[in-house]
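Heads up, the thing below is written out as structure tokens.
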Amino acid sequence: GAIVFRDVHFAYDPARPILKGVSFEVPAGRTVAVVGPSGAGKSTLSRLLYRFYDVQQGTITVDGQDVRDVTQKSLRSAIGMVPQDTVLFNDTIAYNIRYGRPGASDADVAAAAEAAQIGSFIRHLPEGFSAMVGERGLKLSGGEKQRVAIARTILKSPPILILDEATSALDTRTEQEIQAALDVVSRNRTTLVIAHRLSTVVSADEIIVLKDGMIAERGTHGELLQRE
Ligand code: ADP
Ligand code: ADP
């Protein structure tokens, strides 16, 4: 389903507007990236789409439906979110992946883990949590935690994806590997990518440059590079 942000205004504190009339569309099955400096309001856009907060003026629609008219449950079941920092639940990696689709079979969980290249440790517990049950846990790197979030999203297979700086905390090599995995997941899904840098969103169908709560520029990666 297409996502349409129309004249979106939002402030956490009424005295300090964060989004000041933002309008753009993510056509069905396409990828649109929002880039811009820290504090521009990029993550706020994704939080409004996921309804952690509601817009104060304007509308956000998914498939033509105002997100405020959809139950939070059905909205969130349609959206897969890969956040910046994945916080794992106090249970096995398999449990953490199955959270994306509670009824999924063991085989489907294993296939999703395989696709995200963490197939070998789905039975393990994350380090820290494991001490409580007297087992040796697994220390997961930032990239491995992202792979758990990606496996969860592969299993959930939602029509809409939000990738909120999903690779920004990783080293360059891991970032490239995770990016490749995310490119596969986002193919043919309506995808909103939040990113710091233009270089990480080369393949987006459109890039929106957000500055100070407003759209400063928009275009393809090539178009934006030419204008620099
Ligand atoms: P970006 O993702 O572009 O870095 P954010 O959307 O996260 O920007 O934040 C935009 C602005 O809103 C920042 O100035 C930030 O400090 C502020 N902000 C973000 N979250 C909150 C919050 N929960 N309460 C108050 N201010 C917030
Ligand atoms: P990022 O900047 O990487 O998108 P976050 O989305 O977590 O990270 O936060 C964005 C900014 O909003 C940060 O500068 C953070 O300090 C600020 N922020 C987050 N939550 C609050 C809050 N409750 N009150 C004020 N500022 C906040």
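The model shown is predicted, which means the values in this text are computed figures rather than measured ones. All ligand and atom numbering here is 1-based and tracks the order in the structure.
The part of I18 lying near ligand 1 is the side chain, judged by heavy-atom distances below 4.0 Å. If you look at H196 next to ligand 1, there are no close heavy atoms at all, none under 4.0 Å.
Not a single heavy atom of G36 sits under 4.0 Å from any atom of ligand 1. In this structure, Y53 has a heavy atom closer than 4.0 Å to ligand 1. Heavy atoms of P37 approach ligand 1 to within less than 4.0 angstrom.
In summary, the atoms of ligand 1 found under 4.0 Å from a heavy atom of A40, numbered by their order in the structure, are 1 (P), 3 (O), 8 (O). Residue R47 approaches ligand 1 through these ligand atoms, each under 4.0 Å from one of its heavy atoms: 7 (O), 19 (C), 20 (N). Atom numbering of ligand 1 starts at 1 in the shown order; those under 4.0 Å from a heavy atom of S38 are 4 (O). Atoms of ligand 1 lying under 4.0 Å from at least one heavy atom of R16, given by number and element, are 13 (C), 14 (O).
The heavy-atom pair separating V34 from K42 by the smallest distance is O-CD, 3.8 Å.
With hydrogens and angles disregarded, a donor-acceptor distance shorter than 3.5 Å links the side chain of R189 to the backbone of P158.
Checked options V62, L161, I160; the residue passing with T190 is I160 (criterion: side chain to side chain contact (heavy atoms under 4.5 Å, CB included)).
Ligand 1 has no N or O atom lying under 3.5 Å from any N or O atom of E165, backbone or side chain. Every N/O-N/O distance between I194 and ligand 1 stays at or above 3.5 Å.
Under the 4.0 Å criterion applied to side-chain N and carboxylate O atoms, R197 and E165 are not assigned as salt-bridge partners. Of the charged side-chain nitrogens involved, none lies within less than 4.0 Å of a carboxylate oxygen, so that R30 and E25 do not count as a salt-bridged pair. A salt bridge links R68 with D66; the closest basic N to acidic carboxylate O contact falls under 4.0 Å. With salt bridges taken as basic N to acidic carboxylate O contacts below 4.0 Å, none links R47 and D164.
By the criterion of side-chain heavy atoms lying less than 4.5 angstrom apart, applied directly or through intervening Ile, Leu, Val, Met, Phe, Trp or Tyr residues, V4 is not grouped with V55; the two fall into different hydrophobic clusters.
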